[in-house]
Amino acid sequence: MSERSYWLMKSEPDVFGIQDLANSPDQTTAWEGVRNYQARNYMRDSMKPGDGVLFYHSNANPLCVAGTAVVVSDAVPDPTQFDPESEYFDATSSMSNPRWMMRHIRLVRLFEPPVLRETLASTPGLESMILLQRGTRLSVHPVTADEWRIIHQLAGVQPT
DNA sequence: GCCAACGTTGGC
DNA sequence: GCCAACGTTGGC
(Lines give C-alpha, C1' and ligand atoms only; values in the text may rest on other atoms or scores of the structure.)
Protein backbone atom coordinates (compact mmCIF):
# COMPACT_ATOMS: atom_id res chain seq x y z
CA MET A 1 0.00 0.00 0.00
CA SER A 2 1.80 3.08 -1.21
CA GLU A 3 1.19 6.55 0.14
CA ARG A 4 -0.72 9.18 -1.65
CA SER A 5 1.42 11.72 -3.46
CA TYR A 6 0.86 15.31 -4.48
CA TRP A 7 1.60 17.10 -7.72
CA LEU A 8 1.47 20.49 -9.38
CA MET A 9 0.32 20.74 -12.98
CA LYS A 10 0.60 23.93 -14.98
CA SER A 11 -1.87 25.11 -17.55
CA GLU A 12 -2.27 28.37 -19.37
CA PRO A 13 -5.82 29.54 -18.68
CA ASP A 14 -6.04 31.07 -22.16
CA VAL A 15 -5.65 27.51 -23.44
CA PHE A 16 -7.25 25.42 -20.73
CA GLY A 17 -8.02 26.94 -17.34
CA ILE A 18 -9.65 25.50 -14.27
CA GLN A 19 -13.00 26.83 -15.45
CA ASP A 20 -12.62 24.69 -18.56
CA LEU A 21 -12.05 21.72 -16.29
CA ALA A 22 -15.15 22.64 -14.29
CA ASN A 23 -17.13 22.73 -17.54
CA SER A 24 -15.79 19.42 -18.83
CA PRO A 25 -17.90 16.24 -18.83
CA ASP A 26 -17.62 14.70 -15.36
CA GLN A 27 -15.30 17.64 -14.62
CA THR A 28 -12.61 15.32 -15.95
CA THR A 29 -9.99 15.90 -18.61
CA ALA A 30 -7.11 14.17 -20.36
CA TRP A 31 -3.81 15.87 -19.58
CA GLU A 32 -2.75 15.91 -23.21
CA GLY A 33 0.16 17.59 -24.89
CA VAL A 34 3.00 17.17 -22.40
CA ARG A 35 6.17 16.84 -24.47
CA ASN A 36 8.84 16.91 -21.84
CA TYR A 37 10.46 13.69 -20.71
CA GLN A 38 10.71 14.47 -17.03
CA ALA A 39 7.08 15.54 -16.86
CA ARG A 40 6.11 12.44 -18.81
CA ASN A 41 8.07 10.21 -16.46
CA TYR A 42 6.25 11.63 -13.47
CA MET A 43 2.89 10.99 -15.12
CA ARG A 44 3.85 7.57 -16.45
CA ASP A 45 5.82 6.16 -13.52
CA SER A 46 5.03 7.99 -10.32
CA MET A 47 1.45 9.22 -10.31
CA LYS A 48 -1.26 7.03 -8.89
CA PRO A 49 -5.03 7.27 -9.05
CA GLY A 50 -6.11 9.23 -5.99
CA ASP A 51 -3.06 11.50 -5.93
CA GLY A 52 -3.72 15.18 -5.32
CA VAL A 53 -3.07 17.84 -7.96
CA LEU A 54 -2.58 21.57 -7.56
CA PHE A 55 -3.99 23.18 -10.69
CA TYR A 56 -1.68 26.10 -11.50
CA HIS A 57 -2.34 28.92 -13.94
CA SER A 58 0.86 29.86 -15.79
CA ASN A 59 1.37 32.70 -18.25
CA ALA A 60 -1.62 34.29 -16.62
CA ASN A 61 -2.78 37.25 -14.63
CA PRO A 62 -2.81 36.51 -11.83
CA LEU A 63 -0.37 33.64 -11.62
CA CYS A 64 -2.02 31.34 -9.09
CA VAL A 65 -3.02 27.96 -7.82
CA ALA A 66 -6.58 28.02 -9.07
CA GLY A 67 -7.81 24.88 -7.35
CA THR A 68 -7.21 21.20 -6.95
CA ALA A 69 -7.86 18.01 -8.85
CA VAL A 70 -7.35 14.31 -8.41
CA VAL A 71 -5.64 11.76 -10.63
CA VAL A 72 -8.32 9.36 -11.84
CA SER A 73 -6.63 7.14 -14.40
CA ASP A 74 -3.63 4.97 -14.98
CA ALA A 75 -1.05 6.14 -17.50
CA VAL A 76 -2.38 5.81 -21.05
CA PRO A 77 -0.91 6.86 -24.41
CA ASP A 78 -1.58 10.49 -25.29
CA PRO A 79 -3.73 10.17 -28.44
CA THR A 80 -2.61 13.53 -29.83
CA GLN A 81 0.84 12.11 -30.65
CA PHE A 82 -0.82 9.97 -33.35
CA ASP A 83 -3.00 12.74 -34.81
CA PRO A 84 -1.38 14.51 -37.79
CA GLU A 85 -3.85 17.35 -37.35
CA SER A 86 -2.75 17.97 -33.78
CA GLU A 87 -0.10 20.48 -32.79
CA TYR A 88 1.18 17.73 -30.51
CA PHE A 89 1.62 15.20 -33.34
CA ASP A 90 4.86 13.22 -33.06
CA ALA A 91 5.75 11.37 -36.25
CA THR A 92 8.51 9.48 -34.47
CA SER A 93 6.13 7.82 -32.01
CA SER A 94 4.32 4.60 -32.81
CA MET A 95 1.12 2.93 -31.61
CA SER A 96 3.10 -0.16 -30.64
CA ASN A 97 5.61 1.85 -28.65
CA PRO A 98 4.03 5.16 -27.69
CA ARG A 99 6.41 7.81 -26.48
CA TRP A 100 4.02 10.15 -24.68
CA MET A 101 1.82 9.06 -21.81
CA MET A 102 -0.80 10.99 -19.90
CA ARG A 103 -3.30 10.77 -17.06
CA HIS A 104 -6.86 11.87 -16.58
CA ILE A 105 -7.65 14.26 -13.76
CA ARG A 106 -10.95 15.32 -12.20
CA LEU A 107 -11.71 18.64 -10.53
CA VAL A 108 -11.91 18.56 -6.76
CA ARG A 109 -12.36 22.24 -5.90
CA LEU A 110 -11.80 25.75 -7.06
CA PHE A 111 -9.90 28.02 -4.72
CA GLU A 112 -12.03 31.14 -4.35
CA PRO A 113 -10.13 33.33 -4.31
CA PRO A 114 -7.16 31.59 -5.92
CA VAL A 115 -3.88 31.37 -4.05
CA LEU A 116 -1.56 33.79 -5.78
CA ARG A 117 2.00 32.98 -6.68
CA GLU A 118 3.17 36.08 -4.86
CA THR A 119 1.50 34.72 -1.73
CA LEU A 120 3.30 31.41 -2.16
CA ALA A 121 6.57 33.28 -2.60
CA SER A 122 6.17 35.07 0.72
CA THR A 123 4.84 32.17 2.81
CA PRO A 124 7.21 30.48 5.26
CA GLY A 125 7.48 26.77 4.58
CA LEU A 126 7.10 27.09 0.83
CA GLU A 127 10.63 28.27 0.05
CA SER A 128 11.57 24.90 -1.41
CA MET A 129 8.62 24.57 -3.77
CA ILE A 130 9.90 23.49 -7.17
CA LEU A 131 7.53 26.01 -8.74
CA LEU A 132 9.32 28.88 -7.04
CA GLN A 133 12.88 27.88 -7.89
CA ARG A 134 14.66 30.11 -10.35
CA GLY A 135 14.46 28.80 -13.88
CA THR A 136 11.95 26.03 -13.20
CA ARG A 137 9.85 25.26 -16.27
CA LEU A 138 8.72 21.75 -15.51
CA SER A 139 4.97 21.62 -16.14
CA VAL A 140 4.32 18.55 -13.99
CA HIS A 141 6.21 18.08 -10.74
CA PRO A 142 5.79 16.84 -7.19
CA VAL A 143 4.81 18.90 -4.18
CA THR A 144 5.32 17.74 -0.62
CA ALA A 145 2.58 16.86 1.85
CA ASP A 146 3.59 19.92 3.88
CA GLU A 147 3.31 22.18 0.85
CA TRP A 148 -0.09 20.67 0.06
CA ARG A 149 -1.29 21.36 3.61
CA ILE A 150 0.09 24.90 3.76
CA ILE A 151 -1.47 25.86 0.43
CA HIS A 152 -4.86 24.59 1.60
CA GLN A 153 -4.43 26.72 4.71
CA LEU A 154 -3.76 29.74 2.50
CA ALA A 155 -6.91 28.89 0.55
CA GLY A 156 -8.87 28.69 3.80
CA VAL A 157 -10.10 25.15 3.20
CA GLN A 158 -9.50 21.71 4.62
CA PRO A 159 -7.02 19.62 2.68
CA THR A 160 -8.69 16.89 0.69
C1' DG B 1 7.53 42.49 -25.17
C1' DC B 2 11.81 41.05 -23.06
C1' DC B 3 14.90 37.79 -21.97
C1' DA B 4 17.00 34.23 -18.76
C1' DA B 5 16.95 29.58 -18.27
C1' DC B 6 16.27 25.36 -19.96
C1' DG B 7 15.72 21.17 -23.12
C1' DT B 8 16.52 19.33 -27.64
C1' DT B 9 18.78 18.81 -31.98
C1' DG B 10 22.33 17.76 -34.97
C1' DG B 11 27.08 18.48 -36.86
C1' DC B 12 31.38 16.89 -35.91
C1' DG C 1 29.91 12.11 -26.72
C1' DC C 2 30.52 17.04 -26.94
C1' DC C 3 28.62 21.29 -27.41
C1' DA C 4 26.85 25.27 -30.19
C1' DA C 5 22.70 26.70 -32.04
C1' DC C 6 18.10 26.90 -31.71
C1' DG C 7 13.28 26.89 -29.98
C1' DT C 8 10.37 27.12 -25.97
C1' DT C 9 8.80 28.29 -21.38
C1' DG C 10 7.14 31.41 -18.43
C1' DG C 11 8.07 35.13 -14.92
C1' DC C 12 8.55 39.80 -15.00
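Side chains included, hydrogens not; waters and symmetry mates left out as well; all remaining heavy atoms used. Every chain is numbered from 1, with letters handed out A, B, ... down the list of sequences.
One can place CG of A/Leu138 at 9 Å from P of C/dG10, the figure rounded to the nearest angstrom. Atom P of nucleotide C/dG10 and atom NE2 of A/His141 are separated by 10 Å, given to the nearest angstrom. Distance OH (A/Tyr88) to C1' (C/dT9): 13 Å, rounded to an integer number of Å. Between the CZ atom of A/Arg35 and the P atom of B/dT8 there is a distance of 13 Å, rounded to whole Å. We find that CG of A/Asn59 is positioned 12 Å from P of C/dC12, with the value rounded to whole Å. In this structure, A/Asp90 places its CG atom 12 Å from P of B/dT8, rounding to the nearest Å.
The phosphate of C/dG11 has OP1 or OP2 within less than 4.0 Å of a side-chain N or O from A/Tyr56. Side-chain N/O atoms of A/Arg117 include one lying less than 4.0 angstrom from OP1 or OP2 on C/dC12. Distances shorter than 4.0 Å separate some side-chain N or O of A/Lys10 from OP1 or OP2 on C/dG10.
A distance-only check finds no donor-acceptor pair linking the side chain of A/Ser11 to the backbone of A/Pro13 [under 3.5 Å].
Residue A/Arg137 places its side chain closer to B/dG7 than to any other of B/dT8, B/dG7, C/dG11.
A/Met9 places none of its side-chain heavy atoms less than 4.5 Å from the side chain of A/Tyr56.
Partners of A/Asp146 according to the salt bridge (charged side-chain N to carboxylate O under 4.0 Å, His left out) rule, which considers only residues two or more places apart in sequence or in another chain, are A/Arg149.
In summary, of the residues considered (A/Thr80, A/Asp90, A/Asn36), a side chain to side chain donor-acceptor pair (under 3.5 Å) with A/Trp100 occurs for A/Asp90 alone.
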